[in-house]
Asker: 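Take a look at this one; I'll ask things after.
Model, not experiment: these values are computed from the prediction.
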Amino acid sequence: MAEKKISLTAKLINGGIAGLVGVTCVFPIDLAKTRLQNQQGQRIYTGMLDCLIKTVRSEGFFGMYRGAAVNLTLVTPEKAIKLAANDFFRQLLSRDGKQLTLWKEMLAGCGAGTCQVVVTSPMEMLKIQLQDAGRLAVQQKVVPEEGIAAGSAHPTQTRSEEH
């Protein structure tokens, strides 16, 4: 049976759709993970479910998707980079159209992953800052009377230390 060649455009479209679905499904869990990791001082959330419930109560359903726009906007280029780089490295490592060995497959995947990480790291940092903004807003509402200034840049910083 002859192997059907899939066009780069089709791969990019499939990767983009898969990425969009993946981000939509997994993003609330990623948001909760980020907020739980970034808790300092007084704990606002006791666990993943508690974080998601409090997020929905204080920010509404779409609060669980704070920062998702960055991911949804850039997931297609991310997948495009990974797929194109993987194809490039696979072609570079293949000889006369023979099937790649496991090690060469892994090397091609490593090269593609490296390209993806280099390009997407700034986007990931922005996403984390946007996700954490909601936690900071909630924290500032919850504990202002305990010596933590409502507008502090850092949760343990008082208003007088801020300036």
Side-chain angles (χ1 to χ4, degrees), residues 1-41 43-56 58-139 153-155:
M1 184 169 151
E3 194 174 308
K4 238 184 171 183
K5 195 103 163 129
I6 299 173
S7 73
L8 180 61
T9 305
K11 288 180 184 178
L12 295 178
I13 291 170
N14 288 338
I17 291 170
L20 292 172
V21 171
V23 167
T24 303
C25 294
V26 174
F27 200 83
I29 296 167
D30 190 46
L31 175 108
K33 173 199 65 114
T34 300
R35 289 186 178 183
L36 286 165
Q37 286 175 333
N38 289 336
Q39 290 188 106
Q40 300 171 0
R43 295 176 56 101
I44 296 173
Y45 311 112
T46 58
M48 180 107 24
L49 188 59
D50 180 55
C51 179
L52 292 173
I53 289 170
K54 286 179 178 174
T55 298
V56 170
S58 65
E59 301 174 48
F61 176 79
F62 292 107
M64 291 191 306
Y65 291 92
R66 182 186 291 264
V70 174
N71 268 16
L72 291 170
T73 302
L74 297 175
V75 73
T76 303
E78 172 192 341
K79 299 301 178 197
I81 291 164
K82 189 169 26 175
L83 288 170
N86 192 32
D87 283 348
F88 171 78
F89 288 119
R90 288 173 56 100
Q91 187 176 18
L92 191 68
L93 295 169
S94 70
R95 292 190 181 152
D96 302 327
K98 290 182 182 176
Q99 188 172 1
L100 295 177
T101 64
L102 177 62
W103 291 107
K104 287 184 178 181
E105 290 274 2
M106 290 171 52
L107 190 58
C110 183
T114 301
C115 292
Q116 176 194 357
V117 167
V118 166
V119 172
T120 60
S121 288
M123 180 227 10
E124 186 71 16
M125 294 302 293
L126 179 59
K127 178 198 78 166
I128 289 168
Q129 289 174 349
L130 291 170
Q131 286 177 332
D132 202 33
R135 179 193 62 87
L136 293 173
V138 169
Q139 190 172 27
H154 191 273

Asker: Could you tell me which residues satisfy side chain to side chain contact (heavy atoms under 4.5 Å, CB included) with Met125, sequence neighbours excluded, listed by chain and number?
Answerer: none

Asker: Could you go step by step and tell me if Lys33 and Leu36 meet the side-chain contact (heavy atoms from CB on, under 4.5 Å) rule?
Answerer: CA-CA 5 Å; Lys33 173 199 65 114; Leu36 286 165; 5.9 Å; no

Asker: Can you find a heavy atom in the side chain of Lys54 that is under 4.5 Å from one in the side chain of Arg35?
Answerer: no

Asker: Tell me, please, which residues at least two apart from Thr24 pass side chain to side chain contact (heavy atoms under 4.5 Å, CB included).
Answerer: Tyr65, Leu72

Asker: Run the numbers on Cys115 and Phe88 for side-chain contact (heavy atoms from CB on, under 4.5 Å), then give the verdict.
Answerer: CA-CA 11 Å; Cys115 292; Phe88 171 78; over 6 Å; no

Asker: Considering non-hydrogen atoms only, spot the tightest contact between Arg66 and Leu31 and give its length.
Answerer: O-CD1, 3.7 Å

Asker: Spell out, as yes or no, whether a donor-acceptor pair under 3.5 Å connects the side chain of Asn38 to the backbone of Thr34.
Answerer: yes

Asker: Under the side chain to side chain donor-acceptor pair (under 3.5 Å) test, which residues partner Gln91, sequence neighbours left out?
Answerer: none

Asker: Nearest 0.5 Å, please: how far is OG in Ser58 from CD1 in Ile53?
Answerer: 12.0 Å

Asker: At their closest point, which heavy atom of Asn86 faces which heavy atom of Ala112, and how far apart are they?
Answerer: N-CB, 3.6 Å

Asker: Under 6.0 Å from the CD atom of Gln37, do we count more than 12 heavy atoms belonging to anything else shown?
Answerer: yes

Asker: If I compare all heavy atoms of Asp50 with all of Ile44, which pair ends up nearest, and what's the gap?
Answerer: OD2-O, 3.7 Å

Asker: With sequence neighbours excluded, give me every salt bridge (charged side-chain N to carboxylate O under 4.0 Å, His left out) pair touching residues 106-120.
Answerer: none

Asker: Does anything in residues 100-119 pair up under salt bridge (charged side-chain N to carboxylate O under 4.0 Å, His left out), and if so which pairs, sequence neighbours excluded?
Answerer: Arg90-Glu105

